[in-house]
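The block underneath contains the structure these notes are about, expressed in structure tokens.
Protein chains get the first letters and strands the later ones, always in sequence-line order, with residue 1 at the start of each. Values below: all heavy atoms of this structure, side chains included; hydrogens, waters and symmetry mates excluded. What you see is a predicted model; the values in this text were computed from it and never measured.
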Amino acid sequence: MTVDLDRIASLLHQRQPGYSLPQPFYNDPDVLAFDLESVFGTSWLLAGFEAEVPDPGSAMVFTVGRGSVIVLRDRDGVLRAFHNTCRHRGSQILPDGCTKVSRLTCPYHQWTYGLDGCLLGAARMPSGFDRAAHGLAPVHLETVAGTIYVCLADDPPQFASFRAALEPLLAPHDLGRAKVAVTLDVVERANWKLVMENARECYHCPAGHPDLRVSFPMDYSGSLGADENARSIAFSQRMAALGLGVGPLEGAWWQVARFALHDGCVSISPDGKSVSRIPLCAAGRGDVGSLRWALEPNDFCHAAGDYVMAFSAMPTGPEETLVRLKFLVHKDAEAGIDYDPERLIQTWNRTNDQDRDLAQNNQRGVNSAGYRPGPYSEDAESNVMRFVDWYCDKSRRFIEARHRRMETIGS
Amino acid sequence: MTVDLDRIASLLHQRQPGYSLPQPFYNDPDVLAFDLESVFGTSWLLAGFEAEVPDPGSAMVFTVGRGSVIVLRDRDGVLRAFHNTCRHRGSQILPDGCTKVSRLTCPYHQWTYGLDGCLLGAARMPSGFDRAAHGLAPVHLETVAGTIYVCLADDPPQFASFRAALEPLLAPHDLGRAKVAVTLDVVERANWKLVMENARECYHCPAGHPDLRVSFPMDYSGSLGADENARSIAFSQRMAALGLGVGPLEGAWWQVARFALHDGCVSISPDGKSVSRIPLCAAGRGDVGSLRWALEPNDFCHAAGDYVMAFSAMPTGPEETLVRLKFLVHKDAEAGIDYDPERLIQTWNRTNDQDRDLAQNNQRGVNSAGYRPGPYSEDAESNVMRFVDWYCDKSRRFIEARHRRMETIGS
Amino acid sequence: MTVDLDRIASLLHQRQPGYSLPQPFYNDPDVLAFDLESVFGTSWLLAGFEAEVPDPGSAMVFTVGRGSVIVLRDRDGVLRAFHNTCRHRGSQILPDGCTKVSRLTCPYHQWTYGLDGCLLGAARMPSGFDRAAHGLAPVHLETVAGTIYVCLADDPPQFASFRAALEPLLAPHDLGRAKVAVTLDVVERANWKLVMENARECYHCPAGHPDLRVSFPMDYSGSLGADENARSIAFSQRMAALGLGVGPLEGAWWQVARFALHDGCVSISPDGKSVSRIPLCAAGRGDVGSLRWALEPNDFCHAAGDYVMAFSAMPTGPEETLVRLKFLVHKDAEAGIDYDPERLIQTWNRTNDQDRDLAQNNQRGVNSAGYRPGPYSEDAESNVMRFVDWYCDKSRRFIEARHRRMETIGS
């Protein structure tokens, strides 16, 4: 990275607590380069679901920034992740998407790796060539109740607390029996932080999301400290009776909570009714509210009784972000019979398009010479503040670590 | 701005008087970032016409660089300008184009401002929230005889001399009774300075502009010091008899002059005849030559007796410029009856397309490793020299002011 | 150039011999700017063929980086090259492509130059204007047996050894009687060095190029030191009997060698048979193997008995390269009668498309955060190592020369 870290540090220093970020954080190419390394290169990212790599040899490619990671299940059924770049001349090994392989063969010069990443064959290399030193570079991988996370850092953040929080709440949704029914990609011409600030509040929902409003409580903030009103107490008690936890629980970079949908609603759908006839969560006949879990920097998921929606945002430029939505239903559910794919995605698809327009409009305004960071609402934007504070803290610590490393090297 | 000002200063130092600019001024992204702040951020820019915001609540959005400005008429009929960015999270408030509003409501979280820019409402903000400190950021605005100018700087250049010069010459064209009949946008893949150098000389006109040649004197330089030949003396005397001034007058960043069209021509049109049956300028039955006014960095206008054409060039990239032409006729003139829109724009539209090709070809050649700044013709390119000298002077003064400010801060 | 040369020097220092380059060499905009000046600005580049500029006044435009060069034949039949940028305001003078001219007239203000580059006319310039000082900037040009090379540097690399090597081997192919039958342009979304590394090895050929495999020896490395096996000895003897040299010969930036095609093959074609009925090389009835000559940084050519294919790669962005293939046949050969244009280009066209896919896939993998430079095969990638070593050496010497020049200026 050739980014001037002193400049980033200076920009971070300019940031006023409780206020949105200075302009360059939202449109500067150098800040994006910094973000990709300091944030996306060091955080746990939702890569997908075990259902996407069900069998030995199943593999999928997960794009992170400008490169990609192979997630595969090895011959022993163990999930592994590797950088998707050949140790010879760096060619991408697997194309995007899901596939099934017995070995990993680079399409360029046919260097061949086992499913454990070991280099098995490399033609025309000298006899003394050290194959053992040229295996695929591994990437840290963790799973929780059927969900898969990867981290590119050598020394990832502690994962155990997140697992301990999510596992018991998500396990009843039985994602081991799920399949990805639909994947939706949307390109937003907005910086990834504007996309995520949008995704972290519902202050804009009453006016902005008529579809979501049908089933989704607009005042839900997703954070600790939600009003312990009569309705949420009743919901907690009903869930407890079903053996389902509700949280809320949170760590520095994650949040987990089950919350009640509108009365009479069992799913986030056009009419609040179930959109898949075969529930994922058997408890309560599918009437279990919505389990939300969110990870900084770029993910949130909602598991209702009948389906799961997973959202992730990946920067593709200083003012461009690829948002990917995955919708999971029970693997026995048949499209057209047990669920209507259009209806399955309708609420989130429309909501997502509305969010894209808002984020792009936000980007245009933030680019103005007259833009000044503005104050967040502590009531309505607590999770935005949480996200931005986390980003600033993560960035500061990254810069400090770099400086320390240089001091160590220099001393 | 993270641009290295010392580098810009060094490039300015390299510039040889009387010669075109060193290559980076025409294609370097850092120079463009500098230009947007140092030149477009500190100059008076033609935003449009009072006819575009006729009534209380009329508003239009004027794009400057990467952001935009709202120009509106408040409840008292007073014109005001504001940065088009919400004080909450920076979202653009009004979309591009003209509209009519009673309040300014941000589409993101419905923060609402009065037409005077004051923040009237902001839901879910804490009780102690200081609304008065979060009004829309105002932008300086001036008007002259129906034309509107804005300046983003805190301390704009003196405007009075320009008004004093233009007002008496333009007032007889009665733009209060005008309407914008056609707006034309052309994207040119050329640096804005190449577009403006092209717009500041007619050296290329004899070969390049067969349409303009019909009515327009090819040797007209637009500057002071035009030959006071018999023809121009006769024109001045005829105008004086009609009570119309001719100038020429000029200040550091503006020029105003009325000049004679070719004999027998009363308009800049395919045959020199009027293209609108209802004249804007009643004097002389519309036979009043053409009143040209031009502002550095990016505008020029021509007012014949029957219509006004306003040209402005806005950088959209180091090698891309958006040129916008507006054509105004009498507001009572009906399209298809009193004027043919095709014929109204024909001469300038074709001329503009020819200029786009010339500017793009200029850009390609300037990008060559073999490009060296070349000598301007003092005879044929005096206004190009004026533009380039003004640009260099403005840029130098901007850098000096920055350095002074830092010294003050540092001392 | 505003590129930080210390950073480039540091990156060059990081490069491990025998390994591919550090990531920024393959995707960094600053490195590309450096390459255009340090490599493309100082090397001999194949501009085309004398057959493209046959007569006095024939001219063609050759694009180099962001600018272009005019190659023309003057009134005396002498080939000359000039930067394609007017000495007035830098406009491009000739459009892309081939043309015939009596003078060079800039389309902007009609400054006119002779075919020797002298400024003949410039309207409205003052009487004392020094025309002699404003001729077109010349570019070094050399020819070898009908091929044309230009170098933008003031002080080009020594050319004589290359000419001495290529002239006797290429002369029998009689390119003076050739014509360009087809030109193919392909845009590859890959850094030019990845395109050239691909072009400098056949390690990928067995799996990657089924079409080329028909006639082309997959183990041919193009370098000195090819196995002097029985087959190649027999080929050399047969060529010697025809009066044709085989080499191999090489200098720091060029290679020349004639090699045997597969037994029974006389051309690089879908079936190894000739694709043009009128041979260019009369010797051996066209059965003369293939004469390959290659220049660093960006060219290679193959002359079989019946046709010549010339490949060149020109960077158009950090991750974009324009590859141009020219196919030459005898000038008396008629399309549809003596050669089928589709069949003429088929093998190289398909091979080139396959290479584009490989290079683009290589780029995607190199952009990964997990990319690490990998080891080249000395057996299979000797010419890739040669290319990369040459590039690093050229780059280091460029930086040293800049530093020396500054020291001289500073002392």
(message) Using only non-hydrogen atoms and a strict under-4.5 angstrom cutoff, which residues of residues 61-72 of chain A touch chain C?
(response) R66(A), G67(A), S68(A)
(request) Tell me, for N27(C) versus chain A, whether the close heavy atoms (under 4.5 Å) come from the side chain, the backbone, both or neither. (result) side chain
(request) Could you label the plane-to-plane angle of the Y203(C) and H109(A) rings as parallel, tilted or perpendicular, counting under 30° as parallel and over 60° as perpendicular? (result) tilted
(request) Quick one: closest heavy-atom pair of P375(C) and W111(A), and the distance? (result) CG-CH2, 4.1 Å
(message) Need one label for R7(C): side chain, backbone, both or neither, based on atoms under 4.5 Å from any heavy atom in chain A.
(response) side chain
(request) First locate atom OG of S91(A), then atom CG of L194(C), and finally report the distance between them rounded to the nearest 0.5 Å. (result) 9.5 Å
(message) Please classify the contact of Q23(C) with chain A as side chain, backbone, both or neither, using a heavy-atom distance under 4.5 Å.
(response) neither
(message) Restricting to non-hydrogen atoms, name the atom on V384(C) and the atom on R89(A) that form the minimum distance, rounded to 0.1 Å.
(response) CG2-NH1, 4.2 Å
(message) Does R213(C), at its CZ atom, have more than 12 non-hydrogen atoms belonging to other residues, nucleotides or ligands within less than 6.0 Å?
(response) yes
(request) Would you name the heavy atoms of H83(A) and A369(C) that are closest together and state the gap between them? (result) CE1-C, 4.2 Å
(request) Tell me, yes or no, whether the heavy-atom count around R396(A) atom CZ, taken from other residues, nucleotides or ligands under 6.0 Å, exceeds 12. (result) yes
(message) Donor-acceptor check, side chain of N361(C) to backbone of Q92(A), threshold 3.5 angstrom: yes or no?
(response) yes
(request) Count the heavy atoms of every other residue, nucleotide or ligand shown that sit under 6.0 Å from CD of Q14(C), and state whether that count exceeds 12. (result) yes
(message) Can you tell me if R103(A) has over 12 outside heavy atoms packed within less than 6.0 Å of its CZ?
(response) no
For a quick test of your reading: what N or O donor-acceptor pairs under 3.5 Å do the side chains of residues 115-129 of chain A make, sequence neighbours left out?
unit_1: D116(A); atom_1: OD1; unit_2: C118(A); atom_2: N; d: 3.1
unit_1: R124(A); atom_1: NE; unit_2: D379(C); atom_2: OD2; d: 3.0

(request) Would you mind checking which part of E319(C) comes under 4.5 Å of any heavy atom in chain A, side chain (CB onward), backbone (N, CA, C, O), both or neither? (result) side chain
(message) Counting only non-hydrogen atoms closer than 4.5 Å, does Y376(C) touch chain A with its backbone (N, CA, C, O), its side chain (CB onward), both, or neither?
(response) both
(message) Using every non-hydrogen atom in the two residues, find where T85(A) and S368(C) come nearest and quote the distance to one decimal.
(response) CG2-OG, 3.8 Å
(message) Atom CG of residue position D154(A) - does it have more than 12 heavy atoms of other residues, nucleotides or ligands inside 6.0 Å?
(response) no
(message) Check this for me: D185(A), atom CG, are more than 12 non-hydrogen atoms of other residues, nucleotides or ligands nearer than 6.0 Å?
(response) yes
